[in-house]
*Asks:* 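Structure in structure tokens, see below.
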Protein chains: 2
Amino acid sequence: MFSKACEYGIRASIFIAIKSRSDIRVSLKDIARETDSPVSFTAKILQRLVKNNIIDSLKGPNGGFEIKKSKAGKIRLSHIVNAIDGDSIYKKCGLGFRNCNNKKPCPLHYKFTVVRENLRKMLEETTLLELSEDIERGQSFLKIN
Amino acid sequence: MFSKACEYGIRASIFIAIKSRSDIRVSLKDIARETDSPVSFTAKILQRLVKNNIIDSLKGPNGGFEIKKSKAGKIRLSHIVNAIDGDSIYKKCGLGFRNCNNKKPCPLHYKFTVVRENLRKMLEETTLLELSEDIERGQSFLKIN
DNA sequence: TTAATAAAGGACATATTTATCCGTTATTAA
DNA sequence: TTAATAACGGATAAATATGTCCTTTATTAA
Ligand code: FES
Ligand code: FES
């Protein structure tokens with residue numbers, strides 16, 4: 001579904017959002033450890049998220065990554081997915097044809113677009129804030145096993 | 001969403017199903033041409049579909065691939081996807097964690113499983129027969145642009 | 001001003017997916 | 001029985017995704 005990069009990116013963003021709620025800036029190492037992600041690979045992904053203005057970063061001692069409190073409620077999963085995997089997940093034909101549209105639909109088109117739209121809506125409706133809150137309430141977990 | 005192999009596999013299966021409705025056995029070359037797929041790669045995928053008893057093959061002159069008429073209505077997209085991509089699409093955690101279950105859900109779990117189930121149902125409900133019929137009625141197309 | 005810290009970024013390494021090539025095997029028709 | 005045909009299957013190649021390493025740059029605190 002999502003690329004590994006995207007998976008790590010979402011995990012990292014959620015972790016940063018949680019910590020930022022208590023004004024704690026987190027380092028690359030912390031993020032990688034707490035989200036079970038490879039350190040160096042995560043570094044690249046975080047750079048991309050910074051460039052896309054999803055997370056903020058600060059160099060030097062006491063530096064690290066953060067998400068301004070006021071921002072977490074506005075960041076949607078779709079923003080992260082878009083920054084890392086692009087918009088192919090919303091637009092690509094299920095059978096891999098170049099164009100996907102109602103004009104010349106592939107055999108899967110109508111059934112597939114329903115599923116795709118379902119996914120799109122879910123990603124567009126879900127904010128980092130709400131995911132962080134779930135975790136803080138113990139209803140979900142950022143590290144499994 | 002699906003691997004390229006799976007995309008080609010679905011395309012090929014639909015094409016074979018259509019031709020088999022008029023008792024025409026099709027060759028690898030025909031399939032590749034009519035579904036815009038790479039010949040040699042498609043060969044491998046067809047082998048896998050044969051082994052999984054989804055399509056039938058016959059060597060030698062007048063040989064080729066076919067799907068017994070009585071079978072097309074019973075073959076579901078899920079069978080093809082399962083044969084090529086396995087069941088990861090139905091089971092894998094959206095954030096890439098090893099186990100996905102309600103016991104220890106990741107932050108995306110509940111929202112993601114809805115989408116995933118949606119996809120699973122679609123694939124399990126859709127038969128090759130109905131996709132072939134859509135094409136024959138001119139409602140969808142197996143070759144685009 | 002200096003030393004320590006932490007992200008940024010480029011080059012490189014590995015794994016997986018996608019794709020090709022070619023000899024072998026089975027089948028058919030002449 | 002022979003020649004032609006078409007799938008089968010193994011080896012290999014190319015492309016992409018995943019992951020590492022190391023040097024540079026910015027920031028901070030002493
Ligand atoms: S054309 Fe294939 S999903 Fe739309
Ligand atoms: S645990 Fe992540 S989707 Fe179920």
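Below, chain A is the first sequence line, B the second, and so on; all start at residue 1.
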*Asks:* Looking at A:S57, I'd like to know whether one of its side-chain N or O atoms comes within less than 4.0 Å of OP1 or OP2 on C:dA8.
*Replies:* yes
*Asks:* Would you say the side chain of B:K51 lies within less than 4.5 Å of the side chain of B:R48, judging by non-hydrogen atoms?
*Replies:*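 Not in contact.
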*Asks:* Whole angstroms only, please: what is the CG-P distance between B:D30 and D:dT5?
*Replies:*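 It is 14 Å, rounded to the nearest whole Å.
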*Asks:* Tell me which nucleotide among C:dT27, C:dT18, D:dT20 gets nearest to the side chain of B:A5.
*Replies:*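 For the B:A5 side chain, the nearest candidate turns out to be C:dT18.
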*Asks:* Looking at B:K44 and D:dG10, is any side-chain donor or acceptor paired with a base atom of the opposite kind under 3.5 Å?
*Replies:* yes
*Asks:* Return the nucleotide paired to D:dA30: Watson-Crick means purine N1 to pyrimidine N3 with N6-O4 or O6-N4, wobble means G-U with N1-O2 and O6-N3, both under 3.5 Å.
*Replies:*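 Its partner is C:dT1.
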*Asks:* Send over the distance from B:K51 NZ to D:dC8 P, rounded to a whole Å.
*Replies:* 9 Å
*Asks:* So A:S40, base contact, sugar-phosphate only, or nothing? Heavy-atom distance under 4.0 Å.
*Replies:* base
*Asks:* Between B:R11 (side chain only) and B:E34 (backbone N and O only), is there a donor and an acceptor less than 3.5 Å apart?
*Replies:* no
*Asks:* Please report, rounded to the nearest Å, how far the P atom of C:dT16 is from the NZ atom of A:K4.
*Replies:*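 That distance rounds to 11 Å.
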*Asks:* So A:L58, base contact, sugar-phosphate only, or nothing? Heavy-atom distance under 4.0 Å.
*Replies:*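 Sugar-phosphate contact only.
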*Asks:* Walk me through it: do B:V81 and B:R76 pass the test side chain to side chain contact (heavy atoms under 4.5 Å, CB included)?
*Replies:* CA-CA 9 Å; B:V81 173; B:R76 321 254 152 175; over 6 Å; no
*Asks:* For the pair made of CD in B:E66 and P in C:dT27, what is the distance, rounded to whole Å?
*Replies:*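 Taking CD of B:E66 and P of C:dT27, I get 14 Å after rounding.
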*Asks:* Between A:Y8 and A:G63, which has a closest nucleotide on DNA chain D that is more 5'?
*Replies:*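 So the residue in question is A:Y8.
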*Asks:* Round to a whole Å and report the spacing from CD1 of A:I45 to P of C:dA7.
*Replies:*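 In whole Å, C:dA7 P lies 15 Å from A:I45 CD1.
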*Asks:* Can you tell me if the side-chain N/O atoms of B:Q47 get under 4.0 Å from OP1 or OP2 in D:dG9?
*Replies:*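 Answer is yes, contact under 4.0 Å.
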*Asks:* Is the cationic atom of A:R33 (NZ for Lys, CZ for Arg) positioned less than 6.0 Å from the six-membered ring centroid of A:F15 and within 45 degrees of its normal?
*Replies:* no
